[in-house]
Amino acid sequence: MDSSVSVLLFGITRDLTGQSTVSVPLSEGASVGDLLSQLHQNYPPLAEIRSLLIAVNGEYAEPEQLLAHHDEIALIPPVSGG
């Protein structure tokens with residue numbers, strides 16, 4: 001069964017998509033890597049960001065981590081400072 005997940009966007013990711021939250025359709029058993037691929041397909045400028053991290057339920061996630069439709073997912077763009 002397919003479902004959608006909501007992804008919170010911050011900083012440059014919000015600027016590139018023009019939204020603070022996006023809904024991404026994913027198949028059951030989809031992983032963080034699948035989500036990232038779908039986001040890159042839907043929003044090609046996101047693919048140009050190096051060091052883009054994904055947090056799931058407040059923890060940094062690896063590409064192979066499986067997702068559930070109720071997970072809180074956030075894209076964490078690189079932060080610069082001095």
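Keep in mind that the numbers below use all heavy atoms, side chains included, and drop hydrogens, waters and symmetry copies.
- Hydrophobic clustering of Ile, Leu, Val, Met, Phe, Trp and Tyr side chains at less than 4.5 Å, counting indirect connections, keeps Ile49 apart from Leu8.
- Interatomic distance, Glu28 CD to Leu66 CG, rounded to the nearest 0.5 Å: 10.0 Å.
- With sequence neighbours left out, Asp71 forms a side-chain contact (heavy atoms from CB on, under 4.5 Å) with Val56, Asn57, Leu67, Ala68, Ile73.
- Within 6.0 Å of CD in Glu72 there are 12 or fewer heavy atoms belonging to other residues, nucleotides or ligands.
- Minimum heavy-atom separation, Leu52 to Ile76: CD1-O, 3.6 Å.
- Between Gln19 and Arg14, the closest heavy-atom pair is O-CG, 3.1 Å.
- Taking a 6.0 Å sphere around CD of Glu59, one finds it holds 12 or fewer heavy atoms contributed by other residues, nucleotides or ligands.
- Note that CD of Gln41 is 12.0 Å distant from CG of Leu36, once rounded to the nearest 0.5 Å.
- The heavy-atom pair separating Pro77 from Phe10 by the smallest distance is CG-O, 3.4 Å.
- Put simply, CD1 on Ile54 and CG on Leu75 are 5.5 Å apart, with the number rounded to the nearest 0.5 Å.
- Distance alone, capped at 3.5 Å, places no donor-acceptor pair between the Thr13 side chain and the Leu9 backbone.
- With hydrogens and angles ignored, the 3.5 Å screen pairs a side-chain donor or acceptor of Ser31 with a backbone N or O of Asp34.
- Note on Val22 and Ile12: same hydrophobic cluster, where clusters join Ile, Leu, Val, Met, Phe, Trp and Tyr whose side-chain heavy atoms are under 4.5 Å apart, directly or indirectly.
- One distance of note links NE2 of His69 with OG of Ser23; it measures 12.0 Å at 0.5 Å rounding.
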